There are 2 protein chains.
Amino acid sequence: MLFRPNPSLGVPIYLQLMEQVKHAVETGALRPGDQLPGIRPLAEELVINPNTVAKAYRELEHEGVIELRHGAGAFVTAHGGGRKAADKVRGAQPVVAAAVERLRARGLTDEEIRRLFEAELAGLTRAGGPRG
Amino acid sequence: MLFRPNPSLGVPIYLQLMEQVKHAVETGALRPGDQLPGIRPLAEELVINPNTVAKAYRELEHEGVIELRHGAGAFVTAHGGGRKAADKVRGAQPVVAAAVERLRARGLTDEEIRRLFEAELAGLTRAGGPRG
DNA sequence: ATCACTGTGCTAGTTAACTAGTACAGCGAT
DNA sequence: ATCGCTGTACTAGTTAACTAGCACAGTGAT
């Protein structure tokens, strides 16, 4: 399953879908020209409303990530950096996996881990500091 | 500034506040017995509605993280693991900081980094796999 | 007793997210 | 030409988030 929004996170479902589509494109799991799951089948699979999927797809099209073709489907655009950019993100996956592995080995919960990362990215830690 | 919700994330503000309070407690930035910022002053500081802060505080009290005393203020409870647990989370900060540093050095944006972590925690990567 | 803080609880309003449902239009294979 | 898919667009409803505002009650210092 390529996409799997988690309603209990409190993040709007359509936003999670958008993030997950972008991530799939960034890692090369979806490449330019690839077709995305249809609005209705994906909605059924995720047990959400097709309008929610359609909203996510419309926003993604507005951002230039995908292209919607009436009657044909949704496709990944060739806007990104292509192979090299995907390699960069995919190449970074082991860094993230290793960090998460180490944190879990230390006994931290996924919630604690998520909060640590959010704090770091937001520049709320002493070590991180604000970023312009 | 200890707390700083980001409205543009799409995550409800009261949830972000909750996460940030929990994080502060987990890292020892707030210790049992410490008083939290008042509802009204914090709302003014963050330019949000006092009811939003109050909602976050009520939920945190419901989860046992803080204690609300009518007329006195909001205080961190002694429910957690105390010094040792805070050391564990705070000790993990350099792991996160180092990982984020390395990812940024590779040219990844904060959004890309965030998506990588969310995917890893959600078990959506090949390396991560689903977790029970 | 008073004051300036604190939290508590409520009304009323707007906006956003999500749902269920429906009908229409385009595409591509047959 | 038809069919089964695809996206498009809309109505109508519920729920949640957030706001502005107000009044009340508790606390602790003076």
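Lettering follows sequence order; numbering is per chain, from 1. All values reported here derive from a predicted model rather than from experimental measurement.
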Distance test, side-chain N/O of K55(B) to OP1/OP2 of dC18(D), below 4.0 Å: no
OP1, OP2 of dC18(C) versus side-chain N and O of Y14(A): anything below 4.0 Å? no
So what does [X] touch, heavy atoms closer than 4.0 Å: a base, only the sugar-phosphate, or nothing?
X      : value
R69(A) : sugar-phosphate
P7(B)  : nothing
P50(A) : nothing

Expressed as a whole number of angstroms, how long is the span from [X]:[atom1] to [N]:[atom2]?
X      : N       : atom1 : atom2 : answer
N49(A) : dG21(C) : CG    : P     : 9 Å
I48(B) : dT19(D) : CD1   : P     : 6 Å
L68(B) : dT8(C)  : CG    : C1'   : 10 Å
I39(A) : dA9(D)  : CD1   : P     : 11 Å

Nearest nucleotide by nearest heavy atom, which residue falls closer to the 5' end of DNA chain C, N51(B) or Q35(B)? Q35(B)
Taking the six-membered ring of F117(A) as reference, does the NZ or CZ atom of R114(B) fall below 6.0 Å from its centre and within a 45° cone about the axis? no
Verify, without hydrogens or angle tests, whether E59(A) (side chain) and A56(A) (backbone) share a donor-acceptor contact under 3.5 angstrom. no
